[in-house]
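As structure tokens, the structure follows; a few thoughts come after it.
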Amino acid sequence: MRSHRFTKPYNWKNYKFGIVALVGILSIFGILVVGSAKESLQNKQILGVVIGLAAMIIVSLIDYMWIINFYWVLYILSIIMLTAVKLFGENVNGATRWIKVGFIQFQPSELAKILLIIFFAKFLMEHEEDINDKFTLLKYAVLAGIPLVLILIEPNLSTTICTALMICLMIYVAGLSYKFIGTILIILIPVAVIFLSIVVQPDQKLLKDYQQKRILAFIEPEKYESDEAYQQKNSVMAIGSGQLTGKGLDNNTTTSVKNGNFILEPQTDFIFAIIGEELGFVGGCIIIALLLLIVIQCILVGIRSQDLAGRIICCGVGGLIGIQSFINIGVATKILPNTGVPLPFVSYGLTSLVSLYIGIGLVLNVGLQPKKYQ
């Protein structure tokens, strides 16, 4: 049997330097475009990358099987953090998503995603033989529901959706039966249709007013083009104006999307608008290709993993990066309703950046492990 030690000797030929290179290149792009979007935040983004790289290296050397032994501690820690947000968090623009500890302000929901990946990796490995048992599925639903509700009431609908999709992906990787998936879809599709038909009504109580307006703006953009659809319209125009090779980094013309009040958060939710405008179609494709390659590499490491926990960790991290990328770029290109999630390794946001680096560190450690138990 394999011993679960804190760390151990590794064969460094198995270290996935390709993933490190991809993440590093993407982070450099992030530093450049964040600096272009808001110069005052560039040094903080550099600090976030440095802290993230250090965290990634440290985590990559710790045996993930040793880490997941503390899965209940990590789950409780995530619940405590999310509860603390509601009790002691700082309200910014009508949402309470941040906690300030001394001079450090961080967003617990971003770190909670990684902690939940670790927790459910161990939970699903423990239930590998009875994954389709009704009682196991009920436990999984309850354990997933608690943090999701805490994130939802911040309110943070976009992160709730992103985390929920990630949790669904992990149980699918664990071996959820297609029969059960089919049953859920038969139930969810009409429920989703009914939900959407209700939330577009004038006196609905299910969503906040600004959340409802974002959905309405997506359905009827012309009606809301000077209000809720304003940012997305300008984002699409900015991406189109970049044409093939863009206007160049740090472009500061008066017509640039980051000037005036064309979009409110060019360094976070709409960072892809800056990429499209300043780096053009070519730059946008490079960013998407880097993100896609990182996701593929995570999945490949997971496929070669020696156990289910390693597979779930890799697919969970890869899935999280893929889901967030799709939502962020989908919003910037008006494919999806306006909702805020950061573009992995590119958008400004130290908690998101460092958390994702920790996730990559876990993937790297899975890749370092021998393929079979010794």
Side-chain angles (χ1 to χ4, degrees), residues 19 23 59 64 67-68 71 74-75 77-79 81-82 97 107-125 127 131 137 139-152 154 156-176 180-181 184-185 188 192 291-292 294-303 305 308-331 336 339-345 347 349 351-363 366:
I19 297 178
V23 170
V59 172
Y64 75 91
I67 294 175
I68 65 174
Y71 71 121
L74 297 177
Y75 180 79
L77 176 61
S78 67
I79 299 303
M81 288 193 307
L82 294 170
R97 301 172 185 173
Q107 193 172 351
S109 59
E110 294 296 328
L111 181 57
K113 293 174 191 173
I114 305 300
L115 298 182
L116 290 173
I117 288 173
I118 298 169
F119 172 76
F120 285 118
K122 176 68 172 179
F123 177 87
L124 290 168
M125 189 175 74
H127 292 279
I131 190 67
L137 292 171
K139 283 196 292 184
Y140 191 82
V142 171
L143 290 167
I146 294 169
L148 289 175
V149 168
L150 289 171
I151 296 170
L152 182 63
E154 290 182 358
N156 195 341
L157 181 60
S158 55
T159 301
T160 307
I161 293 169
C162 183
T163 309
L165 290 172
M166 178 192 79
I167 290 170
C168 290
L169 174 65
M170 287 191 289
I171 195 169
Y172 168 75
V173 171
L176 187 64
F180 183 80
I181 294 171
I184 293 296
L185 288 176
L188 279 183
L291 288 162
L292 182 60
I294 292 168
V295 172
I296 290 170
Q297 286 296 311
C298 288
I299 293 169
L300 290 175
V301 173
I303 289 170
S305 172
L308 182 61
R311 193 155 64 247
I312 291 171
I313 286 172
C314 292
C315 291
V317 172
L320 175 62
I321 293 168
I323 291 163
Q324 284 197 190
S325 300
F326 178 76
I327 293 174
N328 181 280
I329 296 171
V331 167
L336 299 172
T339 186
V341 296
L343 187 61
F345 304 107
S347 291
T351 312
S352 173
L353 192 57
V354 174
S355 298
L356 287 170
Y357 265 110
I358 291 170
I360 293 295
L362 291 167
V363 172
V366 173

Test side chain to side chain contact (heavy atoms under 4.5 Å, CB included) applied to Tyr172 and Ile181, step by step: CA-CA 9 Å; Tyr172 168 75; Ile181 294 171; 3.6 Å; yes
From CD1 (Ile117) to CD1 (Ile312), nearest 0.5 Å: 11.0 Å
Donor-acceptor pair, side chain of Tyr75 and main chain of Leu143, under 3.5 angstrom: yes
Side chain to side chain contact (heavy atoms under 4.5 Å, CB included) between Leu124 and Val173, intermediate numbers included: CA-CA 10 Å; Leu124 290 168; Val173 171; over 6 Å; no
Trace of the side chain to side chain contact (heavy atoms under 4.5 Å, CB included) decision for Ser305 with Val301: CA-CA 6 Å; Ser305 172; Val301 173; over 6 Å; no
Pairwise side-chain contact, Leu137 with Ile171, heavy-atom cut-off 4.5 Å (strictly under): yes
For Ile114 against Ile358, the heavy-atom pair lying closest together: CG2-CG2, 4.1 Å
Sequence neighbours excluded - side-chain hydrogen bond (donor to acceptor under 3.5 Å, both in side chains) pairs with any residue from residues 321-330: Lys113-Gln324
Considering all heavy atoms, the nearest Leu169-Gly319 contact: CD2-CA, 3.5 Å
Atom of Ile167, atom of Ala144 and distance for their closest heavy-atom approach: CG2-CB, 3.8 Å
Within-4.5 Å side-chain heavy-atom neighbours: Thr159 and Glu154: no
Shortest non-hydrogen separation from Pro344 to Leu291 and the atoms involved: O-CD2, 3.8 Å
Pairwise distance SG(Cys315) to CG(Leu320) - rounded to 0.5 angstrom: 12.5 Å
Side-chain heavy-atom pair Leu74, Ser78 within 4.5 angstrom cut-off: no
Aromatic plane relationship, Phe119 with Phe123 - under 30° parallel, 30 to 60° tilted, over 60° perpendicular: parallel
Inter-residue atom distance Leu82.CG - Leu152.CG, 0.5 Å rounding: 12.0 Å
Any donor-acceptor pair under 3.5 Å from Ser347 side chain to Pro342 backbone: no
Heavy-atom side-chain contact between Ile360 and Ile294 under 4.5 Å: yes
Sub-6.0 Å ring centroid separation between Tyr357 and Phe345: yes
Contacts of type side chain to side chain contact (heavy atoms under 4.5 Å, CB included), residue Ile161, not counting sequence neighbours: Leu157, Leu165
Non-hydrogen side-chain atoms of Ser109 and Asn156 separated by less than 4.5 Å: yes
Interatomic distance, Tyr140 atom OH to Ile131 atom CD1 [nearest 0.5 angstrom]: 7.5 Å
Minimum-distance pair of heavy atoms, taken over all atoms of Leu148 and Ala164: CD2-N, 3.7 Å
Euclidean distance, Ile329 CD1 relative to Leu336 CG, rounded to 0.5 Å: 10.5 Å
Closest heavy-atom pair and its distance - Met166, Gly316: CG-O, 3.9 Å
Side chains of Val341 and Val331 in contact at under 4.5 Å (non-hydrogen atoms): no
Derivation of the side chain to side chain contact (heavy atoms under 4.5 Å, CB included) call for Met81 and Leu115: CA-CA 11 Å; Met81 288 193 307; Leu115 298 182; 3.8 Å; yes
Pairwise distance CG(Leu116) to OG1(Thr163) - rounded to 0.5 angstrom: 7.0 Å
